[in-house]
Each structure stands twice: as structure tokens, then as C-alpha cells.
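Read through the structure below, which is laid out as C-alpha cells, and then see the notes.
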Amino acid sequence: MSGDQVHNDSQIEADFRANDSHKHKKDKEHRHKEHKKDKDREKTKHNHSEHRDPSEKKHKDKHKDGEKHREKDGEKHIEKHREKDGDKHRDEKHREKDGEKHGDKHVEKHREKDGEKHREEKHREKDGEKHKDKHKEKDREKRREEKMKSSSGSLKIKRENGFASPPCIKDEPADEAYTISTTENEKPIKRSRDDDDLDYKPKKVKTEDVKKAKKRKQEEDVKPKSKNKSKVTGSQGDGKKRKIKKEEEEKWKWWEEERHSDGVKWKFLEHKGPLFAPPYEPLPDNVKFYYDGKQVKLSPNAEEVATFFAKMLDHEYTTKDIFRKNFFKDWKKEMTADERNLITNLSKCDFNELSQYFKAQSEARKQMTKEEKLKIKAENERILQEYGFCMMDNHKERIANFRIEPPGLFRGRGDHPKMGKLKRRIMPEHIIINCSKDSKVPPAPSGHKWKEVRHDNKVTWLVSWTENIQGSIKYIMLNPSSRIKGEKDWQKYETARRLKKCVDKIRNTYREDWKSKEMKARQRSVALYFIDKLALRAGNEKEEGETADTVGCCSLRVEHINLHPEMDGQEYVVEFDFPGKDSIRYYNKVPVEKRVFKNLQLFMENKQPDDDLFDRLNTSILNKHLQDLMEGLTAKVFRTYNASITLQQQLNELTNGDDNVPAKILSYNRANRAVAILCNHQRAPPKTFEKSMMNLQTKIDAKKDQLADARRELKSAKADAKVRRDEKTKKALESKKKAVQRIEEQLMKLEVQATDKEENKQIALGTSKLNYLDPRISVAWCKKFDVPIEKIYNKTQREKFAWAIDMAEEDFQF
DNA sequence: GAGATGACTTAGGATCCGTGCT
DNA sequence: AGCACGGATCCTAAGTCATCTC
């Protein structure tokens, strides 16, 4: 850092301190403080490591252990580790083969650098999982992934993948590159729309972004769909017709049609309204509730709420104070005066008989005969046919959630202050119906009426109601395979692709802003750097006490990061540790550029742990800024962009065209995994994980034995063949050869499977696949490498991504 | 502008259900 | 036939972001 830089910095600091005009921020901080004073910090910290709290304690504890390990013994083990790992088998080889030459080496490097991995190792040792040795290689892989959840290891990977276009970020800025920087009105950055012709328009035109669409508006006024309209018209009653229509419907290529313009979401909408939860069925008389040892017959309302609690008795929720407190409070509201007088202590309530009863019921359900099950299935199908579809603009579309959420106890995630509260039963009188004027309005259940019927074609929902826990609105909307969702999805990826075009510019700009005189710009640029580099979420402000304490980028607090000028042989390391969405812990150690580091020090100066790190920034400011840089750009576009570009790059690096299909799929899963790690998509390890892993290993061992035998036989057959050269021996030799080959293949398959599984232990691939990865990348990859699309996308996914499957050619590049 | 509201996407856990094994 | 397993599906909470309201 040059002298003037330093100077610059200190000047700013001075400015900063002097300038105190940000009261609102201050207020915010203040609130925070107030609120949190009571919370002891220790606890808070603690919580982080327990992010997964709702579920198994064990898991949690393990996790913690792991964490400790990691932190404590960091690097040293690595070495050991590595030696130990030395032998890893085929999988490794595998990787070496295709990896080494392409990009895998850096991953490797990464790994080497990373101390933490062995944590996993230890962990496992501790747990006595011997089968592991066989799987060292896996361990290695695994640890690489696992750490993410638990820790630092991830960062490496993250960094790697995360920085989709690393080059520009890494080197020091060259200030002159971008003069734009500081001021609000910087035009330079603004990429003009001319560059967005990049939109991928496979078949038709379609792709415009919203704004463009707006321009175009009129035409659809005329009539949007056209093509298939004929078939779907009015009231095709008979089965045949319907069938035909259905098929056509399935094939409907909405992506080849014009879009509605300017906020209009549909022209015609007709549906059957929601399906309400079944009414409460009182308990049989022989199932009793006891209070303080004495049987009490509850009033129907009180009883219903009691059953909600009873059904959750085995869940950890019911042991939590907040949950119990909230539940009890709401339960009392449902009691009669007498009940309220009698029942004053939840701990004296005995729900066991109720709980047993429900268990028995579910058991009975499992024991049902085939016929009974079929009957139920048929009934469900009937309901689906009746309520599960709507008619939108001449097409029959599937509804995602046509069932109204049944009453129950609210299960918030993390330390949610409202967990245990009673979710009320939704009645028709709570429901707003949305449909078109010229449609048949669904009738309310007899004796009831809707709260409202409206005809708003600027929204996509069919039904809405206000939920009573947070007071938020819930909706019934269409399935992801519907036109209305698909278009939006497609558009999302197109926006991300537009970002690709100008991301370098934007990166240069924010790097420039790290030096700004304006505190606001500095904070904004550092935050944006995190969002880009680490794929953090924007981080809206949340109302305190209403939800679990979670944060995203803009709402990070001082307590969520630690600065290490030097750590593990790297300079300027930022250690993140905070609860993110769904209270999933984000833990990562990231080396950053010096300027970022210095800025962070500055932002943290004179602040308390619970003060906002970016006190002059919020998502609204950030997004406004982004909007100026690129039309349609918001913080979350960076997540989409970085996820997709990472997939694309990883696929390019990892795929070996000579591999067989399972190996290619492993490569795909690895690429997918890199994204999941980047986005911090975690899952609780399946309860049966260790066991099923063990089973797999047993199979592998058996296969190895088999292979050894086969090889022995082959050897002797060879010897035989040398001595006697007759046809028969020759043939025998051939068949032995083949057998060995076959077994080798089988073994390979098994091992690939094991590796994949191990690596996936606590990483959820589904979320990124469904929400962040441009499906055209996957489709193109499948086409290019002759992998059946079914291996990558299941039926539902294929429906959702039908547009991409139809339009992407093998040369598609994100 | 700040805060509230509304619409819509993203998310992990629970549950269902088909499949392959014993 | 019974069962375990794991992927698919369901469920709904928890985010993001634009817009409305004062």
C-alpha cells in the first residue's frame, strides 16, 4: 500500500469520525444494543455454532467438537493427514486423471493449504468409524466439503469457485483504470443496454428483459397465445378430447410465444379455489388427557390445540422454553374459563395418551391393505384433478399449493421468538380469491363466504390469506412448470448473463470505491465485494424480536467477523461467523485484499460487537446503486451469476469426455457441489448416513475380493494358455479377461458412488440446482457429453426446466 | 427518506413412496 | 412379504426486492 493510500485512509477515518450525520444508522445500532443487552454475548456466539438447533442435539454437539478441533489444531495435522491420505485410491486417481490437467490442481492446492480438514478425520476417529481407512480418499474429499459447514476448509473452495472471474479481483487495482469511482453520478459504469443483446435466444425471440418487454407491450394486447389456443378452448367435456388436449398442453412451448407486457400477468384466470384443511375430529373417549395426574375432558377447541402439541411430543421443539411458553399462552386462549383455571402449568400436563394414539394411527396407516391404499391414492388423485389445476390464458396449468395450510403450532427455525404459537385455522372468510372477471368465480363452501374476490391481473396468485403469526400474506400460486414461473426463471438467468458482460467493470468500480472519500461508498463497495466474492445474501433489516436473529451482508454486525492480519500463513484474513437464512451458520475464513481489510478495521473502529458493521448501508441503498450500474441488477443477481458461472467453469474443468457416464456424473455432481459450497447450502446429515456408508463399503470390499479372485484366475488361465495353445484355453482366457474387466467396472461404479455420497454428506445440491444454476448449462453439458438428461434432472425438474431442455444446444455457454 | 406492505423466490426439513434386498 | 433406504415430493418458513404511504 502506497503512502498516499495510507494517508488517504487516515484522512477518511478522520472525516468519518468527525462526520456524525448518520443518526438513523445510529439509532439502528442503538436499538440493537438495547435489545441485545440482555442477551449475553457468550450465548450468542454459542448459538452460532448451534445453528442447526431445531434438529438433533447430537448433531450439534458433534459439530461443535469438530469446530473446536478445527480451530485448535488447524494446520499441523494437515501434514499428517496428507501422508495418511497418501494412498487414496481410484477415486483420487480418477480425479488426477481428469483433474490434474484441468483445473483440479488448484483445488488440490487448496486442500493442502487448508488445515482444517482433518478435523473431520479426528472426528471420525473419535466416532470409531474404522471403515474409514478404506476411504481415506473420500475423507479427503469429504473433509474438503464438510468443513464448509463447519469451517474454514470451505473457504478455499469457496474462494476458488466463488470467484468466478478471479483475475480481475485479485490483482491490485491500478487506480487509473477506472476514474469513475466516487461520486454518485458516475455514468461510466452504466452499461448501456446495447450490450445486452447477449440474451440467448435459441428459437424465437422471447428473451427480452422486463423493460424491453414493456416497450413492446402492445402486441399482446391483441392476443398472447394463439398457437395452441384452439385445443384448449372452452368446455371440452369428453375424455378423449381432454386427453388430447392434455398432451398438447404438456408440449406447450410457451417460450416460443410472446410475453405479456408491462406487468400484466394474465388475461384469463379461472380456478376452483383452495382446498381447506379437514375439520378437526375429536378424540375417541378412551384417549385421555391428564392434568396433574387427574383425567380432564377438554373442550373441543382446547383439545384440538392439545393434539397439536401431542403430535410434536417427540420433537425437540417441545423441550424449548420459548416454544412451551408460546404454546401454553395460546392454548389457554382456546380454553374455557374453567379449563383456564384448572390448567396453570404446562409441566403438569400429560399428553402421552394422545401421543400414543396418533402414533398408533400412523402405524395403522402403514399397515393398511393394498386396496385401502389404492383407494386413498385414487381419492388424492381426484382431489388433485379437481383443485390442482387452473385455466390461465387458455392453458391448463398446475397449481403448486392448492391446500390451505392446516392449523398447528408454528415451527420457526433457529431461535425463533414465536415458535410454538398457534397457527389458526384458515376459514373461507379469511380468503381472498383472485381470478378474471369473465371467469367462473369459485363458490365458497356452503354457509361461508370469501373475504373478497378480486380481479387483479398484475399479480400471479390465485388465492391469498393473512397468516396470524407474523401477519404476513400467504399465497396459492402456480407450479414451477407453469409459463408464469418459467418465464420469470428464464429472465432471471438472462439478467445474470447480462451481469456477466459487465461484471468486470463493476468489479473495477467497487475496487475503486474502496478508496473513496465517502464512507458510504466505501461501505457499499466492501459489502458488494463480499456479495460478489462470497455470494452472500443482501441482508435486509429485520424487525427485532419478531424473527430469529439472522443476518446477511448489509446487516452484518461487528461481532460477526474477526480480522486476522496474518493467519495460517496468509495475510489479511477475515473470519466470518454468523447465522444466515434459516439460521444456517456461515463460517468462512477468507483472505482479502489489504484495502478491504483496512476498510473493515475502519468500519469497526469504536463500535460495539452488536453494532452494524456497515452502518451507512442497507439493501435499499445498495440495490439502488446496483440499478445504476446495470438495469435490473440487484444483490441477488450476483448469487445467481456466480453460481452459474461456477458450474460452467467447473464442468469445463472437470469433465473428461473419455470417461464413462457414471464418472461424468460424478464430475457433474462435483461441479454442482462446488456451487452448493459457494452458496452455503447445507443439510443435516441423514440419520442413517454412517450406516449406509458402511453398507456400501461392505459391498465394495466384497467386490474387491471378487476382483482379486478373478485376477488370480486370469493369471492362471494365462499361464495355461502359454503352455497349451489350444482353442479351448484361449477361449477360457478371453472369458477370464472379460470377467475381470466387468468386475473392475462394477467396482469403479461402487466406488464412485461411495465418493459421491461421502462428499455429499452435509451438502445439499438440490437448492442450487433448482434455483441458481442456469439449466441450459446442464442441458448443453448433457448433450455435449452424451449423458442422458434424466441422469441430471428428475421428472419434476425436467418439467420445470422444459424450456431449457428444449432450447439449449450443446454449444450453449452461460 | 423511513417504514410498511405485498409479491415473489429461495430454503431445509418432513413425509411419502417406489425399489431392491432378505 | 416385509423392510430399509433414498430420492421425490410436499410443506411452509424465511429471505429479497419493489412499491406504497406518510
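We name chains A, B, ... by the order of the sequence lines, and we start the count at 1 in each one.
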(Q) I'd like to know if the side chain of A/K800 and the backbone of A/L770 have a donor-acceptor N/O pair within less than 3.5 Å. (A) yes

Q | Sugar-phosphate, base or nothing in reach of A/R639, heavy atoms under 4.0 Å | A | sugar-phosphate

**Q.** Non-neighbouring partners of A/Y387 that pass ring pair (Phe, Tyr, Trp, His ring centres under 6.0 Å), sequence neighbours left out
**A.** none

(Q) So A/N540, base contact, sugar-phosphate only, or nothing? Heavy-atom distance under 4.0 Å. (A) base

Q.
For a quick check under 3.5 Å, do A/N434 and A/H271 share a side-chain donor-acceptor pair by atom type?
A. no

Q. Which part of the nucleic acid, if any, lies within contact of A/Y772, taking any heavy atom under 4.0 Å across all strands shown: a base, the sugar-phosphate backbone alone, or nothing?
A. sugar-phosphate

Q. With sequence neighbours left out, what residues match A/E467 under side chain to side chain donor-acceptor pair (under 3.5 Å)?
A. A/S472

Q. B/dG6, C/dA13, B/dT10: which one has an atom nearest the side-chain heavy atoms of A/K636?
A. B/dT10

Q: Pull out every residue in residues 400-407 of chain A that has a heavy atom closer than 4.0 Å to any atom of DNA chain C, ordered by number, or say none.
A: A/R403, A/E405, A/P406

Q: Using a 4.0 Å heavy-atom cut-off across all strands, classify A/K624 as base, sugar-phosphate, or nothing.
A: nothing

Determine all donor-acceptor pairs shorter than 3.5 Å in which one atom belongs to a side chain in residues 402-411 of chain A; sequence neighbours excluded.
residue: A/E405; atom: OE1; partner: A/K423; partner atom: NZ; Å: 2.8
residue: A/E405; atom: OE1; partner: A/K474; partner atom: NZ; Å: 3.3
residue: A/E405; atom: OE2; partner: A/K474; partner atom: NZ; Å: 3.3

Q. If you look at every strand shown and take non-hydrogen atoms under 4.0 Å, does A/T460 touch a base, only sugar-phosphate, or nothing?
A. sugar-phosphate

Q) What nucleotide, of C/dT12, C/dA18, B/dA7, holds the atom closest to the side chain of A/T634? A) C/dA18

Q.
Restricting to ring pair (Phe, Tyr, Trp, His ring centres under 6.0 Å), what partner residues turn up for A/W450, sequence neighbours left out?
A. none

Q.
From C-beta outward on A/K423, which listed nucleotide comes closest to its side chain: C/dG15, B/dA11, C/dT12?
A. C/dT12

Q: Have a look at A/K488 and say if it touches a base, only the backbone sugar-phosphate, or nothing, with a 4.0 Å heavy-atom cut-off.
A: sugar-phosphate

Q: May I ask you to say what A/G552 touches in the nucleic acid, namely base, sugar-phosphate or nothing, with a heavy-atom cut-off under 4.0 Å?
A: nothing

(Q) Heavy atoms from C-beta onward define the side chain here; which of B/dA7, C/dA14, C/dC10 lies closest to that of A/R398? (A) C/dC10

Q. Base, sugar-phosphate alone, or nothing: which one does A/S464 contact when heavy atoms must sit under 4.0 Å apart?
A. nothing

Q.
Among residues at least two apart in sequence or on other chains, which ones pass side chain to side chain donor-acceptor pair (under 3.5 Å) with A/Y793?
A. A/S778

Enumerate all atom pairs, one protein N or O and one N or O from nucleotides 20-22 of chain C, separated by less than 3.5 Å.
none

Q) A/F576: what forms a ring pair (Phe, Tyr, Trp, His ring centres under 6.0 Å) with it, not counting sequence neighbours? A) A/F530

**Q.** Those residues that, when tested against A/Y772, pass ring pair (Phe, Tyr, Trp, His ring centres under 6.0 Å) (two or more places apart)
**A.** A/H681

Q.
Regarding A/K373, tell me which of base, sugar-phosphate or nothing describes its non-hydrogen contacts under 4.0 Å with the strands shown.
A. nothing

Q) Quick one: side chain to side chain donor-acceptor pair (under 3.5 Å) partners of A/K769, sequence neighbours excluded? A) none

Q: Could you tell me whether A/G471 contacts a base, only the sugar-phosphate backbone, or nothing, with contacts defined as non-hydrogen atoms closer than 4.0 Å?
A: nothing

Short N/O separations, protein against nucleotides 18-22 of chain B, under 3.5 angstrom:
residue: B/dG18; atom: OP1; partner: A/K377; partner atom: NZ; Å: 3.2

Q: Output all residues satisfying side chain to side chain donor-acceptor pair (under 3.5 Å) with A/T619, sequence neighbours left out; order by chain, then residue number.
A: A/N540

